[in-house]
Trainee: 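Please see the structure below; I have some questions.
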Amino acid sequence: MPTNRIIPAPGHYIIQDSRTGKVSYWQKEYHQSAADAHGVSTADYIHAMYFFLMQAQARDVLMIGCGGGTLATMLVRSGVTVTVVDLHKFSFDIARKYFHLPDAVACHVADGIQYLKDHRQRHDAIILDAFGEI
């Protein structure tokens, strides 16, 4: 399987399958995201969250944690308004460049807790999909 390994930031790397278009994003030893050539997640838990949000008829979703942005991509394509908060700008750069994150996704570089304190906007759902090293 022909693959390309790209290092967009120290400690981060992207693996692309040039035959299928599948892409995976790793942060050190942590697998952050995987998608097909169209930006649709290949992770079961992302699909579970997507279908739960669709069943709940969420129209406005706040996500804390970006990864590859596959859930945000899938939601926006279904007509949902999505705002994503992440500590690192390069997460959004990676999501847009390698995972097809649409321009319609509002991206904010901030700590999730601080963002919630500073922004009192109501959302139909809040997704927490972030982690930090101790």
Trainee: Once rounded to the nearest 0.5 Å, what's the spacing between atom SG of Cys107 and atom CG of Leu101?
Mentor: 5.0 Å

Trainee: Does Leu128, at its CG atom, have more than 12 non-hydrogen atoms belonging to other residues, nucleotides or ligands within less than 6.0 Å?
Mentor: yes

Trainee: Side chain of Asp36, backbone of Gly39: donor and acceptor closer than 3.5 Å?
Mentor: yes

Trainee: Is it true that Val84 and Ile127 fall in one hydrophobic cluster, defined by side-chain heavy atoms closer than 4.5 Å?
Mentor: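 Hydrophobic grouping puts Val84 with Ile127.
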
Trainee: Between atom CE of Met74 and atom CG of Leu71, what is the distance when rounded to the nearest 0.5 Å?
Mentor: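 Atom-to-atom, Met74:CE and Leu71:CG are 6.5 Å apart.
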
Trainee: Enumerate the ring-ring contact (aromatic ring centres under 6.0 Å, His included) contacts for residues 72-93, please, sequence neighbours excluded, ordered by first and then second residue.
Mentor: His12-Phe90, His88-Phe90

Trainee: Any heavy-atom pair between the side chains of Asp124 and Val80 that's under 4.5 Å?
Mentor: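 Val80 does not reach Asp124 side chain to side chain.
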
Trainee: Of the non-hydrogen atoms in Gln32 and Gly67, which two are nearest, and what is the gap between them?
Mentor: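 In this case the closest contact between Gln32 and Gly67 is OE1-CA, 4.1 Å.
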
Trainee: Quick check: are there more than 12 heavy atoms from other residues, nucleotides or ligands sitting under 6.0 Å from CG of Asp118?
Mentor: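 More than 12 heavy atoms, drawn from other residues, nucleotides or ligands, come within 6.0 Å of this atom.
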
Trainee: What verdict does the side-chain contact (heavy atoms from CB on, under 4.5 Å) test give for Tyr25 and Ile94, after you've listed the backbone C-alpha separation in whole Å, the side-chain angles of each residue and the deciding distance to 0.1 Å?
Mentor: CA-CA 8 Å; Tyr25 169 33; Ile94 288 168; 3.7 Å; yes

Trainee: Check whether any side-chain heavy atom of Asp129 lies under 4.5 Å from a side-chain heavy atom of Met63, and answer yes or no.
Mentor: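 Counting from C-beta outward, Asp129 and Met63 never come under 4.5 Å.
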
Trainee: Does any pair with a residue in residues 54-77 pass side-chain hydrogen bond (donor to acceptor under 3.5 Å, both in side chains), and if so which ones, sequence neighbours excluded?
Mentor: Asp60-His123

Trainee: Applying side-chain contact (heavy atoms from CB on, under 4.5 Å) to Leu53 and Leu75, what does each step give before you reach the verdict?
Mentor: CA-CA 9 Å; Leu53 292 165; Leu75 290 169; 3.9 Å; yes

Trainee: Rounded at 0.5 Å granularity, tell me how far OH in Tyr45 sits from NE2 in His47.
Mentor: 11.0 Å

Trainee: Start with the C-alpha distance between Ser33 and Tyr98, add both sets of side-chain angles, then the distance that settles side-chain contact (heavy atoms from CB on, under 4.5 Å), and finish with yes or no.
Mentor: CA-CA 11 Å; Ser33 200; Tyr98 299 103; over 6 Å; no

Trainee: Working to the nearest 0.5 Å, report the span between CD1 of Ile46 and OG of Ser41.
Mentor: 5.0 Å

Trainee: Only counting residues at least two apart or in another chain, list the ones meeting ring-ring contact (aromatic ring centres under 6.0 Å, His included) with His38.
Mentor: none

Trainee: Look only at the side chain of Asp86 and the backbone of Cys66, and say whether a donor-acceptor pair between them is shorter than 3.5 Å.
Mentor: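 Answer holds: yes.
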
